Q: 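Mind looking over this structure? Questions follow.
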Amino acid sequence: QKEVEQNSGPLSVPEGAIASLNCTYSDRVSQSFFWYRQYSGKSPELIMSIYSNGDKEDGRFTAQLNKANQYVSLLIRDSQPSDSATYLCAGVPYNFNKFYFGSGTKLNVKP
Amino acid sequence: SAVISQKPSRDICQRGTSLTIQCQVDSQVTMMFWYRQQPGQSLTLIATANQGSEATYESGFVIDKFPISRPNLTFSTLTVSNMSPEDSSIYLCSVASSTGTSLYEQYFGPGTRLTVT
């Protein structure tokens, strides 16, 4: 099993809908989790980090961490065409010696 | 978050030559990493750049091909040696800094787009 796994998509949602992106992880990656947004031709941009079980909200973004079931999610409310990008999930082990990335989920928000 | 710059932003190189990519951060950081990203693919970690000691390479990457230097806490270089067309990729420098609670967040530089002909 890869340390961090994501569905590659593409995930298509209409403008204004909620986009739900999911990521599962292995026992090697259990300390902290991150969501990055990457526009085509650009470098990844950190949009959310989460360390504790439960939800963390920041504007239209909500990250959810469920350690019992080993998954982390990103919800984007009121999706906009500008949210169309690839979203990368990442996690780190307890010793923080590296970041493990998923393969990314491509999100298309249709006007 | 740290401000990261990379030089060059892009280059076209002939096979058999070498290119050195520079990464500069505006503040001291604990960890610096080098990644490669092929078009449409996810990130592949090349190595962790260690200040004052040899870099830690991931499986499939070797020092002779990708020598890395990190002379201080704000600067690192990655050299792609004896290039072949398969080395054409985007090379990304990243840094991880503490959030102040013994946890780290990672930020990326703008990347270097390398084309080998």
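Just so you know, these numbers come straight off a predicted model, no measurement behind them.
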Q: Select all residues of residues 101-111 of chain A having any heavy atom within less than 4.5 Å of some heavy atom of chain B, and report them by number, or 'none'.
A: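 Expected list: A:F101, A:G102, A:S103.
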Q: Determine, stepwise, if the pair A:K98 / B:E58 fulfils side chain to side chain contact (heavy atoms under 4.5 Å, CB included).
A: CA-CA 10 Å; A:K98 67 173 67 173; B:E58 297 299 304; 2.6 Å; yes
Q: For chain B, which residues from residues 32-48 of chain A have at least one heavy atom closer than 4.5 Å to it?
A: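 The stretch touches chain B at A:S32, A:F34, A:Y36, A:Q38, A:G41, A:S43, A:P44, A:L46.
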Q: For the residue pair B:E105 and A:F99, what are the closest heavy atoms and their distance?
A: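 Reported closest heavy-atom pair: C-CZ, 4.4 Å.
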Q: Does A:K56, at its NZ atom, have more than 12 non-hydrogen atoms belonging to other residues, nucleotides or ligands within less than 6.0 Å?
A: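 Yes, the 6.0 Å shell around NZ holds more than 12 heavy atoms from other groups.
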Q: Starting from A:L11, can I reach A:I18 by hopping between I/L/V/M/F/W/Y residues whose side chains sit under 4.5 Å apart?
A: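 Hydrophobic grouping puts A:I18 apart from A:L11.
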Q: With a 4.5 Å cut-off on side-chain heavy-atom distances among I, L, V, M, F, W and Y, is there a chain of contacts connecting A:V13 to A:I76?
A: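 Linked, A:V13 and A:I76 end up in one cluster.
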Q: Does the side chain of B:T48 reach to within under 4.5 Å of the side chain of A:N97, using non-hydrogen atoms?
A: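 Heavy-atom side-chain distance check fails, nothing below 4.5 Å.
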Q: For B:I12, look at atom CD1 and say whether over 12 heavy atoms of other residues, nucleotides or ligands are found less than 6.0 Å away.
A: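 No, because the 6.0 Å sphere around CD1 of B:I12 holds 12 heavy atoms or fewer from other groups.
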Q: Just wondering, are more than 12 heavy atoms of other shown residues or ligands nearer than 6.0 Å to CG in B:N72?
A: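 Counting neighbours around CG of B:N72, more than 12 heavy atoms of other residues, nucleotides or ligands fall under 6.0 Å, so yes.
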Q: State whether the number of non-hydrogen atoms from other residues, nucleotides or ligands found under 6.0 Å of A:R60 atom CZ is greater than 12.
A: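 Above 12, so yes.
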Q: Atom CD of B:Q37 and atom CG of A:L88: how far apart are they, to the nearest 0.5 Å?
A: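 It comes to 7.0 Å.
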Q: Applying a strict under-4.5 Å side-chain criterion to I, L, V, M, F, W and Y, I'd like to know whether B:Y35 and B:V25 cluster together.
A: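 Same hydrophobic cluster.
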Q: Is there a continuous path of hydrophobic side-chain contacts, each under 4.5 Å between heavy atoms, that joins B:L92 to B:Y104?
A: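 B:L92 clusters together with B:Y104.
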Q: Are B:I90 and B:V116 connected, step by step, through hydrophobic side chains (Ile, Leu, Val, Met, Phe, Trp, Tyr) whose heavy atoms are closer than 4.5 Å?
A: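 They do not share one cluster, since no chain of ILVMFWY contacts under 4.5 Å joins B:I90 to B:V116.
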